[in-house]
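Take a look at the structure below.
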Amino acid sequence: MRSEWRGRRWLVVLMACMAFTGSACRTHTPARAQGTLLIVGGGLDNDSREIWERFVELASKHGPAHIVIASAATGDEQVEITDKTEALRVWAPQAKVSAIRRDTSTTDTVALLDDASAVFFTGGDQKRITARYRPEDRETPEWLAMQRLLARDGVIAGGSAGDAMMGKWMLLGGGSASALRDGAQIGAGMHFQPWVFTDSHFFERDRLGRLVAALHASGQRLGVGVGEDACVEIDLASGELRGVTGTESLVVDTAHLRRHGTRWTGLWAYALGRGDTLSLPVRLTRTPTVPNQRPDKTRSVPVVEPGQNRQLATWRLFKTPKHNPETAEVLQLEGWSVAAWAATQGGVTFELDAP
């Protein structure tokens with residue numbers, strides 16, 4: 001009799017959970033994610049049409065969009081919430097827009113996330129994001145709600161700090177020269193995807209060196225440096241990386257990385273622009289071609305201060321070699337240098353030095 005009563009009790013609980021649409025019965029770890037990550041390198045303006053239109057398209061895939069702005073990274077949260085809300089009034093005038101702050105309660109945060117189709121993480125300090133949603137690399141109710149959002153084919157987007165925290169690991173700060181000499185400052189990220197280490201403001205702040213050092217420190221093979229006004233997306237079901245904008249990002253592969261004191265060799269990179277795709281799982285399972293040797297002929301890449309010439313010198317370095325395959329392009333930066341030349345398997349081979 002007691003056994004029969006227990007069986008009926010659990011049946012009632014199960015039926016209640018199935019009928020209940022709130023978050024109380026949805027605290028389990030969700031199924032494999034099917035959603036999308038939209039990764040913006042920083043400097044997102046309200047008129048960045050390609051990025052906003054893609055974000056709204058993904059947020060509206062299964063009905064009216066409910067977009068949540070997550071402002072934990074930002075110093076003055078209200079300023080950033082207002083800015084992103086006003087941008088969304090242009091690109092998604094019918095969307096419901098909400099915000100979660102550093103001091104929003106767990107109950108309210110989970111409820112908003114469980115009702116959302118999209119989340120946008122604002123810029124600032126990525127350490128504030130993990131401290132708020134995944135402290136000490138622990139799963140929280142808020143983080144699990146984000147996983148449920150992805151599992152129902154939602155989208156998580158982020159710019160600047162919201163770019164840097166997307167993977168298993170993230171950079172905590174520092175420049176390229178110090179990272180190449182003394183090691184990168186890394187910590188646990190938000191674990192939204194397992195394949196790549198991401199970094200922001202990539203070309204503009206000369207972050208190639210610190211990304212390579214971070215890959216070495218974390219043991220991850222692939223990195224994606226996303227420039228300002230640039231955006232890439234990752235389809236979580238397939239692991240496909242796709243360029244969203246005409247402004248390009250850089251995929252870095254360290255499969256053949258060798259470190260000789262201050263010199264880092266055996267590196268490969270590929271510029272990713274609008275419509276370009278790369279299967280991250282496939283790339284990680286293939287045995288890469290050994291990088292070809294550095295050509296004897298070199299050319300110094302000129303840098304003019306200040307302005308776009310300096311900010312995009314690293315980008316030019318990775319675009320020029322295909323036109324001069326017998327020449328290594330050399331860029332001297334503050335405390336470190338990079339040389340790049342055309343790779344036989346496509347893309348560009350490069351090496352770094354921080355004497």
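Scope of the values below: all heavy atoms of this structure, side chains included, with no hydrogens, waters or symmetry mates.
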In terms of heavy-atom contacts, does [atom1] of [X] have more than 12 from other residues, nucleotides or ligands at under 6.0 Å?
{"X": "Arg259", "atom1": "CZ", "answer": "yes"}
{"X": "Arg299", "atom1": "CZ", "answer": "yes"}
{"X": "Asp103", "atom1": "CG", "answer": "yes"}

Derivation and outcome, side-chain contact (heavy atoms from CB on, under 4.5 Å), residues Phe203 and Leu250:
CA-CA 9 Å; Phe203 298 116; Leu250 196 73; 3.9 Å; yes

May I have the list of side-chain donor-acceptor pairs in residues 211-220 shorter than 3.5 Å, sequence neighbours left out?
from   : atom 1 : to     : atom 2 : distance (Å)
Ser218 : OG     : Ala214 : O      : 3.0
Ser218 : OG     : Leu215 : O      : 3.3
Ser218 : OG     : Gln220 : N      : 3.2
Gln220 : NE2    : Pro194 : O      : 3.4

Could you give the distance from [atom1] ([X]) to [atom2] ([Y]), rounded to the nearest 0.5 Å?
{"X": "Leu312", "Y": "Thr247", "atom1": "CG", "atom2": "OG1", "answer": "8.5 Å"}
{"X": "Leu113", "Y": "Leu144", "atom1": "CG", "atom2": "CG", "answer": "11.0 Å"}
{"X": "Leu38", "Y": "Glu57", "atom1": "CG", "atom2": "CD", "answer": "10.5 Å"}
{"X": "Thr314", "Y": "Leu333", "atom1": "OG1", "atom2": "CG", "answer": "5.5 Å"}
{"X": "Ile69", "Y": "Thr85", "atom1": "CD1", "atom2": "OG1", "answer": "3.5 Å"}
{"X": "Glu53", "Y": "Ser48", "atom1": "CD", "atom2": "OG", "answer": "11.0 Å"}

Between Thr82 and Gln78, a side-chain donor and acceptor under 3.5 Å
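Thr82 vs Gln78: donor-acceptor pair found between side chains.
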
For the hydrophobic clusters of this structure (ILVMFWY residues joined by side-chain heavy atoms under 4.5 Å, transitively), does one cluster hold both [X] and [Y]?
{"X": "Leu267", "Y": "Phe202", "result": "yes"}
{"X": "Val338", "Y": "Phe197", "result": "yes"}
{"X": "Ile129", "Y": "Met146", "result": "yes"}
{"X": "Trp315", "Y": "Leu278", "result": "no"}
{"X": "Ile67", "Y": "Ile156", "result": "no"}

Should [X] and [Y] count as an ion pair when the cut-off is N to O under 4.0 Å?
{"X": "Glu136", "Y": "Arg138", "answer": "yes"}
{"X": "Asp114", "Y": "Arg148", "answer": "yes"}
{"X": "Arg132", "Y": "Glu142", "answer": "yes"}
{"X": "Asp125", "Y": "Lys127", "answer": "yes"}

Non-hydrogen side-chain atoms of [X] and [Y] separated by less than 4.5 Å:
{"X": "Pro321", "Y": "Glu329", "result": "yes"}
{"X": "Ile81", "Y": "Arg101", "result": "yes"}
{"X": "His191", "Y": "Gln147", "result": "no"}
{"X": "Leu222", "Y": "Trp195", "result": "no"}
{"X": "Ile51", "Y": "Asp229", "result": "no"}

Locate the shortest heavy-atom distance separating [X] from [Y]; write the atom from each residue and the value.
{"X": "Asn46", "Y": "Ala87", "answer": "OD1-CB, 3.3 Å"}
{"X": "Val119", "Y": "Ala70", "answer": "CG1-CB, 4.0 Å"}
{"X": "Val68", "Y": "Leu112", "answer": "CG2-O, 4.0 Å"}
{"X": "Thr245", "Y": "Cys231", "answer": "OG1-N, 3.1 Å"}
{"X": "Lys319", "Y": "Ala271", "answer": "CD-CB, 4.2 Å"}
{"X": "Ala237", "Y": "Gln34", "answer": "CB-OE1, 3.4 Å"}

Validation: residues 159-171 side-chain donor-acceptor distances under 3.5 Å, sequence neighbours left out:
from   : atom 1 : to     : atom 2 : distance (Å)
Ser160 : OG     : His201 : NE2    : 2.7
Asp163 : OD1    : Thr198 : OG1    : 3.4

Check: [X] side chain, [Y] main-chain N or O, donor-acceptor pair, under 3.5 Å:
{"X": "Asn309", "Y": "Val304", "value": "yes"}
{"X": "Ser117", "Y": "Ala65", "value": "no"}
{"X": "Ser337", "Y": "Leu331", "value": "no"}
{"X": "Ser105", "Y": "Asp108", "value": "yes"}
{"X": "Trp341", "Y": "Gln293", "value": "yes"}
{"X": "Ser71", "Y": "Glu77", "value": "no"}

For the pair Tyr133 and Phe121, name the ring-plane relationship: parallel under 30°, tilted 30 to 60°, perpendicular over 60°.
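Plane angle over 60°, so perpendicular.
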
Checking salt bridge (charged side-chain N to carboxylate O under 4.0 Å, His left out) between Arg274 and each of Glu233, Glu50, Glu248, which is the one that passes?
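Only one of Glu233, Glu50, Glu248 forms a salt bridge (charged side-chain N to carboxylate O under 4.0 Å, His left out) with Arg274, namely Glu50.
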
Going by atom type alone, with no hydrogens or angles, which donor-acceptor pairs under 3.5 Å involve a side-chain atom of residues 345-355 and a protein atom two or more places apart or on another chain?
from   : atom 1 : to     : atom 2 : distance (Å)
Thr349 : OG1    : Asn292 : OD1    : 3.3
Glu351 : OE1    : Arg263 : NH2    : 3.3
Glu351 : OE2    : Arg263 : NH2    : 3.4
Glu351 : OE2    : Arg294 : NH1    : 2.7
Asp353 : OD1    : Thr262 : OG1    : 2.8

